[in-house]
Structures are given as structure tokens and as C-alpha cells.
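Protein chains get the first letters and strands the later ones, always in sequence-line order, with residue 1 at the start of each.
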Amino acid sequence: MRRPRRSPMTTIAQSLTELVRVAADAAGYADSPVPLEPCVATNNPDHGDYQSNYAFRVGKSLRTNPRAVAQAVVDALPSSEMIAKAEVAGPGFINFTLSDAWLSSDVQRRCRDARLGAPSPGAGRTVVIDFSSPNIAKRMHVGHLRSTIIGDALRRLYSFAGWNVIADNHVGDWGTPFGMLIVAWHEWRDDAAYDADAIAELQRLYQLFRENAKADEALMVRARAETAKLQAGDEENAALWTQFVMASMAEFDLVYDRLGVEFTVTLGESFYQPKLAQIIQDLLDRKIAIINYGAVVVPFTAEDGKGLGKNPLLIRKSDGAALYGTTDLATVLHRVETWSPERVIYETDNRQQQHFKHIFAASKKMGVTHVDFRHVFHGILRFPDGAVVSTRAGGSGTTNLIDVLNTAVSRARAVVDEKSASLPEAERAVIAETVGVGAVKYFDLSQNPASDITFDWDRSLSMEGNSAPYLMYAHARCCSIVRRAAERGVVAGDLRLLEPAERNLALAVARTADAALLAAETNRPNLLCDHLYTVAQSLSRFYVNCRVLGDDVDDATSASRLTLVAGVAQALRTGLDLVGVGTPSRM
RNA sequence: GCGCGGUUAGCUCAGCUGGAUAGAGCGCUGGCCUCCGGAGCCAGAGGUCACAGGUUCGAAUCCUGUACCGCGCACCA
């Protein structure tokens, strides 16, 4: 068997940083307590391609002139085919300009690699990502959108970075709502309606229960009794529970398929119920938890961390029932025992920040001290009609997720029909699906998760600006050129960077791997989206300045530009796939 | 009251592990169609990065305080 072509396994910034390290050692700064600072891309082409700010740190540490340090490092740089120019600038910056020849070959190598030449900083490391987590017996609504697609983007990004990723859908499949449903099921169910649309009927029954329970307290008493029976293992209730869960999961899967979202496991709250009593007892025995007002709580002090507030974490109500915090602690323990993750990420809305601070602090008290817990929280998603969408307000007034997707797809379809009427009907339908769903996802993912965002139909589906259709269009244009080249028998050849627009584009392609890794490490998919947008913008400039095919373009230039265009397509395709957005080759 | 977010161009938002002159889209003004896909490109105007201090070679970014907005504060999740 032939082994796959070896990827460069390093980013440009890393290679330059290594050169600076060697030079710093040679210049006598090896003993400096200053950690080596990674080289970074310049934000101004006048300053070259990459810069190092290392000399400022050393200069400060040694109380010497940073400019002199920078000069010493530059003088000590080992000769490298990477660098065309290295110079000291300003108060002590070291600016690097890459050699065109080296950059050309680097970009060519990366474009032949499905991973764009990215290293795998996550190799041998495991991360659990907890996201989406909808509640059973309700249709997914737009309040679930952000967690679902941001979490899935993180899943993809961490996989790209080489991590072993456990994507866990912690569905809400337990608790009093099931008692309510069971009561309502017996009272008011419409079998025909259930057969036609199980979730719709379950939602109706749930709403009906809520409305009637306001006036009839006996209903709530019955619901609690049914819940208790379910928890005690009553066969009839267990069968109903299973039925409701199965119907819900089938419904969720329709949405997940549509969104291209995948999970490694789906371990809902019910999975952890058998473990809760033991955990509560254990925490009491170890004096981590105490009894307060008849309830069992984990108290916190200032030493446990900041932002924990005044209140403890409640893990058993005074009536003996466990709570979601209890389940969350059981979940932590199960994940640690099962996968030994280095990192655990929770993607939820920002209102749960304090809750997760409690969970993380309590986990440490339980002895889980070696896990890097991260709460990636997102802001509110608003819709233009003013409706505020929240996870918990999933009542009758909210918009179904599937309806949002359908609206986006039909809007996309109208545009495709208008702009690409010549394409076959079936292909137009596929394109509209990709564009519509991608537009919704990208609108969210291209913004900082922490921000509140207001959905904007026109902007998300616009061909202008930082939108999915713009990026898809850039990709489709590349594919179009590649197709046309094949028709004419033009073959891709060695990359030669002659025009500034070509060089800028090549550099942007080369930096895509860095952007993906940065997005993973910072848990911000929007950083990758930002970069992909600059790639697309660079492409448009290249497109108007540099013809690939044509009578007035010589063969070597055609071959070179064809390589570059194919590479751009590869970068856009890979990058958009990392945020779960598709890339049609025609649109 | 305690805690957590947020405040950047007319609008919508990037940028925040400190780096050089703060970016983009929309909108506005003015250009570019003998065009590999104009679903595009170029140029211009537009900013006391909420405010006040502090840290230092350097602050939108870090620290402290203030103002305003949003959210959360044990027997829901």
C-alpha cells in the first residue's frame, strides 16, 4: 500500500517562529526567561507578510533596546529559502517577506492536501462537546439553532485540528414534563393526529395540560404521581416514555440531517438517573454537599472561584427529587470515566453561565481537577419581527426550526430559478437547499458566538458581503474555470506568482489552515469565516486582474493560474465544510 | 443588592491571549460590462473604539471606577 502524501504538518507562522527561535539562540538570547512569541501575519502588507514581536519582550527583560535585539536576531537568522527579506522596523518589529518561489511551492503542496497542510495540535487529545440538547416531545425551534450549529462547527474544527471528538447530544428526556404528557395522553389524545404527526400531537397535549393545570390543581398532582411511577419503573409509563422519546428523536434527526449535524453519542438525562442517588450520597459523605432547608446543596466560598454568586448548587430538592445540576455532575463523571477527555466544552446560551461555573467548581471539589472545562456561550438570536427566541420559552409563539430552513430554501430557490434557469430542475433544487441552509448557518457562524444577533433574511441570502452565497459563488466561479480549462485541454502546472493579486490570493490560501486552527482553539468559528471571506475577496480581485484562460495568456501562466484557482476552490470547500456549509460546483 | 455579558462608522457587525495608520458589509457619492459566471470589481466620504483614571516602549484589547442596555441570582432546565 502506498502511504498518502505527507502533508507539510506545519503552518507558515510556525516555521518562521522556529527560525526566530534558532536565531535567538544563536544571538545569545537562549537563556532569556522570555517565552518565544509566535510570528503572526501582518495586518498591513507594507510590513511584509509576517512579523515577530519577540524583540520587545527580550528587550524589556534585559533592559536593552528592542531594536538592537531585533537586529541581532535578524543577523543571526539561519539562511532559509522561505525568506526573501527580513528586516527590523519601527521600535523593534521584525518583518518577514516570504520568497515568491517558496510561497508558490508551499501553496501547491497545501492545495494537494485535503487538510491544507495543517498540523494536528489535537493529536492524541480528546474533547467532549456537549451541544444542541433539545427537549423531547417538542419540535426543535429557532432557539436551538445556535447551540446546534455552533456546536457542530466546533465538532468539525476540533476534528480538523486532530482531536478525538466526542459529540454528545444531552437531550432533555426526563422529568416532570413526562408526567404531564402521560396525564394528557390519557385525557385528551387524538390517535389519528398522533399517527399523522406525533410531535405536533405531543406539543398540543403538553400545551393543553399547561392550560388546564392552571385551573385544575389535581392535574399537577396526577402528573407528579405519573412521573414518580415512571421513575419507579412502571411498565406502562416506561412504554409511553420510550414511545415519546423515539418519536422525538426521529423528528430531531430530520432536522439534523437537514443541517448536516452529527453526534458521536446521544446520552440524554434519563441515562444518568440511576446514578444520581449514589452521587448525592457520596457528596454528602465527603462533606462536599450539605443539607440546607431540607435540600442537599454544594456550597461555595470565594476560594472556589469568581462569579459563583451567593447561592449554592442545588442537587436534591427538599422533596427528594434530583435536579438538572445533579444530572450534570453525573454526566461529568461519566464522561471522565468513559473517555478521559482533556477538555469538555458546553455550548449553550449565555444565561447558563453561572450554572456552569457551579458545575465546574463542584466538579473540582469532586476531584475532577485535570479537565479543562469550557463554557462556550452564545447570545440571543432575534428575528426581525421582534420575537425574542430563547431555549426555555419554547412555547407556542416560537418559530419551528424546520420552517426557518424551508423559508430560506424557498427564497434561495427563487434566486436560483432566476439566475440559473438553464440548470436542470433537480440540480436547482439541490443548489437551493445548499444555499438556503448554508445561508442560515453561515449568518450565525460568521458572527461572534457571544454576541446577540438579529437574523436578517436579506443579508444572509445576499450575494454581497460576508455571506454564504458570496463564498459559494466564489467557489463556483473557480469550478467553472476548472471545467472550462478541462474542455480546452489546459493542464494545471507550477505556480508562478507574477501579479500582486496572485500573490495575495496565494498567501490567503496558505493561511487558511492557520485560521481553522485558531478558530478551534478559541472556540470561535467566525474567525475562520472571516478568513474565508478575505480569500473570496482576494479571488474577486484576482479574477478581474488575472485571466486564467484566453488567447493573450501564455501557456505557463494559464497553467499556473489554473493551479491557483483549483487551490482556492479547495481552500473554500474545505473551510466552508469546517463550518458545515456546502459548496455547489455550480449555482 | 450580588454576579455575568455588552457599548467600535448613519445601520448591521468584525477585530479583544496588548503591536505599527481601528476593518468589512449595507446605505451614500463617483467610476468599470469587445467580461474565464456583473450573483462582480475599483475609488471616495464617514470614527473622541460609551466615559474617567491606571499599567508600559505601545491599549479598542489588560486593571479599577462610572454611565447606560441585556441576562441570571436554590427546590424549573
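One can find a donor-acceptor pair under 3.5 Å joining the base of B:rA20 and the side-chain atoms of A:Gln51. Counting atom types as modelled, A:Tyr473 pairs no side-chain N or O with a base atom of B:rA39 as donor and acceptor under 3.5 Å. Contact of A:Arg57 with B:rG19 (side chain to base): a donor-acceptor pair of N or O atoms is detected under 3.5 Å. Under 3.5 Å, the side chain of A:Asn95 and the base of B:rA20 form at least one donor-acceptor pair of N or O atoms. No hydrogens or angles were tested; on distance alone, nothing pairs the side chain of A:Ser446 with the base of B:rA14 as donor and acceptor under 3.5 Å.
Regarding contacts with the backbone of B:rG40, every side-chain N or O of A:Ser540 stays at 4.0 angstrom or more from both OP1 and OP2. When the side-chain nitrogen and oxygen atoms of A:Lys357 are compared with OP1 and OP2 of B:rG72, none of them lie within a distance under 4.0 Å. Of the side-chain N and O atoms in A:Arg541, one or more sit less than 4.0 angstrom from OP1 or OP2 of B:rC42. The side chain of A:Asn43 contributes no N or O atom lying less than 4.0 Å from OP1 or OP2 of B:rU21. At B:rG38, one or more side-chain N or O atoms of A:Tyr543 fall inside 4.0 Å of OP1 or OP2 (strictly under the cut-off). Remark: A:Arg484 is in phosphate contact with B:rG37, judged by side-chain N or O atoms under 4.0 Å from OP1 or OP2. Distances shorter than 4.0 Å separate some side-chain N or O of A:Tyr470 from OP1 or OP2 on B:rC41. For B:rG15, the OP1/OP2 oxygens have a side-chain nitrogen or oxygen of A:Asn448 closer than 4.0 Å.
Here A:Glu499 does not pair with A:Arg547 in a salt bridge; the nearest charged N to carboxylate O distance is not below 4.0 Å. The pair A:Asp458-A:Arg411 meets the salt-bridge criterion, since a charged nitrogen lies less than 4.0 angstrom from a carboxylate oxygen.
Taking the six-membered ring for Trp and the full ring otherwise, the centers of A:Phe300 and A:His358 sit less than 6.0 Å from each other.
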A:Thr331 vs A:Glu269, side chain to side chain contact (heavy atoms under 4.5 Å, CB included): CA-CA, chis, key distance, verdict
CA-CA 8 Å; A:Thr331 305; A:Glu269 293 171 356; over 6 Å; no
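Among the atoms of the strands shown, only primed sugar atoms or phosphate atoms (P, OP1, OP2) are found under 4.0 Å from some heavy atom of A:Tyr533. Heavy atoms of A:Leu527 sit under 4.0 angstrom from primed sugar atoms or phosphate atoms, though from no base atom. Contact annotation for A:Val544: backbone-only contact, meaning every heavy-atom pair under 4.0 Å involves sugar-phosphate atoms and none involves a base. Across all strands shown, A:Leu461 has no heavy atoms under 4.0 Å from either base or sugar-phosphate atoms. Within the nucleic acid shown, A:Thr534 has no heavy atom closer than 4.0 Å to any nucleic acid atom. If you check every strand for non-hydrogen atoms under 4.0 Å, A:Asn466 touches nothing. Heavy atoms of A:Ala89 sit under 4.0 angstrom from at least one base atom. Looking at heavy-atom distances under 4.0 Å, A:Leu313 makes no contact with the nucleic acid at all.
Taking 90° from 0 as the syn/anti boundary, the base of B:rC33 is oriented syn.
Distance CZ (A:Arg524) to P (B:rU61): 15 Å, rounded to an integer number of Å. When rounded to the nearest whole Å, the span between CE of A:Met463 and C1' of B:rG40 equals 12 Å.
Comparing B:rU8 with B:rA22, their C1' atoms are spaced 8 Å from each other, to the whole Å. The gap from the C1' atom of B:rG6 to that of B:rU12 amounts to 16 Å, rounded to the nearest Å.
In this structure, A:His375 and A:Phe360 have perpendicular ring planes: the angle between them is above 60°, well past the 30° mark.
Look at B:rA43: its Watson-Crick or wobble partner, with both distances under 3.5 angstrom, is B:rU29.
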